[in-house]
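Any value given below was found using the heavy atoms of this structure, including those in side chains, with hydrogens, waters and symmetry copies removed.
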Amino acid sequence: MSTTTFKSTTSKAFVTLVLILLVFAALPVRPVSAAPSLITTVTNATNVWHSASVPSSSTASFAIGGASGNRMLVVMVTAEGSSSGTYTYTSVQYGGVSLTLAGGDGGSSTSQHSFLFYLKDNAIMDGAAHTLAFNGVSFGGTSVMHNVWYAVYSGVDQAATPAVQTYSSAMNPVTSAAFGTALTVNANDQAVIVCSAARASSAVTWNAPANWTKYDNRPSGTTGLGYVAYRAIPTSNTTDTYSSTMTSSRVSMTGMSMKASVLTVGDGTTPASKTVKGSDTNKAVSAFTLATANSATHDTVTGMTVTITGTGPANVSAVKIYQDNGSTPNEWDATDTLKGTATYASPTATFSGLSLAVSNTATQYLITIDTVASPTNAQTMLAAVTGVTAASIIVNNDTPDATLTVDSLAPTVSSINRADANPAGPGIVHWTVNFSESVTGVDAADFALAVTGGISGQSITGVSGSGSGPYTVTADTGSGGGTIGLNIAASPTINDIVGNALVSGFTGQTYTILTPSSTSLESNNNPSVYGDSITFTATVTTGATGSVEFYDGTTLIGTQPLSGSDPNTAVLTYSALKVTGSPHSITAKYLGDSSYVSS
């Protein structure tokens, strides 16, 4: 327990004690891009005690709302007396939690006093009503009027101690007043002041200086005045003496400047640039981090704006924010936590209703893009955070990261060509296949054999190759003759690298598969005598056309046409066989035609 003691003397002048309790809470927040948000007011200065009695242990009861993390409660007090004296107090508490005295002049024996107290963000600020208690307050003189105000701010740096200055004219009436040492008010800081004036003869008029706005003016009868004021938030560092004028009176004033909290949007670790297709989902395009400046300050991001740049913002159908849980660092995967889906009006994605808790430990988030069903080929998309809604000052260092490039062109077959001689006999044949771009998923099921004639039992026996080709497709023609061609199957499962499906319907080149033939040979005079005339008859498969060659060993002894009848024969009469080389091996070879294989 601590006690502040003020000496008491008797005076005919009135004493004004101003005790200010300020609660820092959030003013209406606004989105921020290049310009930071400012300290905001959740509750404007509200007078909760206006009485000739000193504040009590049940001065007021009120609730403190707003998002937790960077609020401050500020309490302001003024007091007037008909005689001068000092003020003592044991404690000032909200919900049983003691406030810190920022500054005041209670130790001086005067007829006017002012004080500022504050309480940094605390669990007691839970949205429920709690009692503001002044414990052990004592004024050495005769009280005339006491005022108590409270206010709540947000966006206040919890690690910083507010800057404070005080002024007292003691028992000397003055018509102007200023802090002897100027109050430091840096860029984006919020300054407040509580003022007390006392005079026995007439009402007091006090003129606030430039940049200050009087919020609540509380006369003490016709001989005193207590009021609070706040300063316009500066955009650059400054100082302020609160140089002001008033009706001749005894003056006390206490000013305080609250340092704004800072929330930094970091650039994050860049996802990889990638190619996307129509109806893609959750493609990571940018990463950013959120962090406050120190461990004492917390904040909550409730809204955000993301701007899509590049040549193709119109290709975007949805923009989302995920917390990057790190299973696939800097890229989206199913373990990442969805934090919000934007309302998208190209090129702006607006997130509302977010609840991104921010501490001094940086957390990484991913911006992902879904694409429309039919995006424009080769256009690009990039993204970056351009606005943040939070209580703190926003320092936005996010920049566009990855480039998403649209590939909306389906792969096609460039060619399916024969790789072997044509015509071919029954057996194994090959085709060479090429595509318009690199593809995946090429296998036997993506092709179909087309046959005519008497071919049966045909099958694809192998596929090899990669990228855009060449691929080699191998087939067994089965049995029989006719034609056999290689086509793309009706429902291929071939895709390009980003997943665009192959355009089906391509017809490849065909082979003519010749029908197998058979040839048999007979003679009419075997054995024979030199000089005998011998007739050789070659019988070939019915339907075959063309000629048959007859050989004595390896020596061609004649060529005869097929009869084309049934039986289909070629006949050679020969009488020049010699005794030398006997016995003779006579063979017949069918030469084949456009439909039949030689035999």
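- The salt bridge (Lys or Arg N to Asp or Glu O under 4.0 Å) test applied to K320 returns D370, not counting sequence neighbours.
- Looking at residues two or more places apart in sequence or on another chain, you find a side-chain contact (heavy atoms from CB on, under 4.5 Å) between N397 and T264, V395.
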What donor-acceptor contacts under 3.5 angstrom involve side-chain atoms of residues 349-359, with partners at least two apart or in another chain?
{"from": "S359", "atom 1": "OG", "to": "T361", "atom 2": "N", "distance (Å)": "3.2"}

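- Residues satisfying the side-chain contact (heavy atoms from CB on, under 4.5 Å) test with T161, not counting sequence neighbours, are Y118.
- Looking at residues two or more places apart in sequence or on another chain, you find a side chain to side chain donor-acceptor pair (under 3.5 Å) between Y322 and N282.
- Applying the ring-ring contact (aromatic ring centres under 6.0 Å, His included) definition to pairs two or more places apart or across chains, none involves residues 245-274.
- The ring-ring contact (aromatic ring centres under 6.0 Å, His included) contacts involving residues 281-319 comprise F288-Y365, where partners must be two or more places apart or lie in separate chains.
- Checked against salt bridge (Lys or Arg N to Asp or Glu O under 4.0 Å), D336 has no partners two or more places apart in sequence or in another chain.
- For K274, the salt bridge (Lys or Arg N to Asp or Glu O under 4.0 Å) criterion is met by E331, not counting sequence neighbours.
- Applying the side-chain contact (heavy atoms from CB on, under 4.5 Å) test to T238 and every residue at least two apart in sequence or in another chain returns V185, R231, P234.
- Remark: N330 pairs with Q364 by the side chain to side chain donor-acceptor pair (under 3.5 Å) rule, at least two apart or across chains.
- For the side-chain contact (heavy atoms from CB on, under 4.5 Å) test, no residue two or more places apart in sequence or in another chain qualifies with A232.
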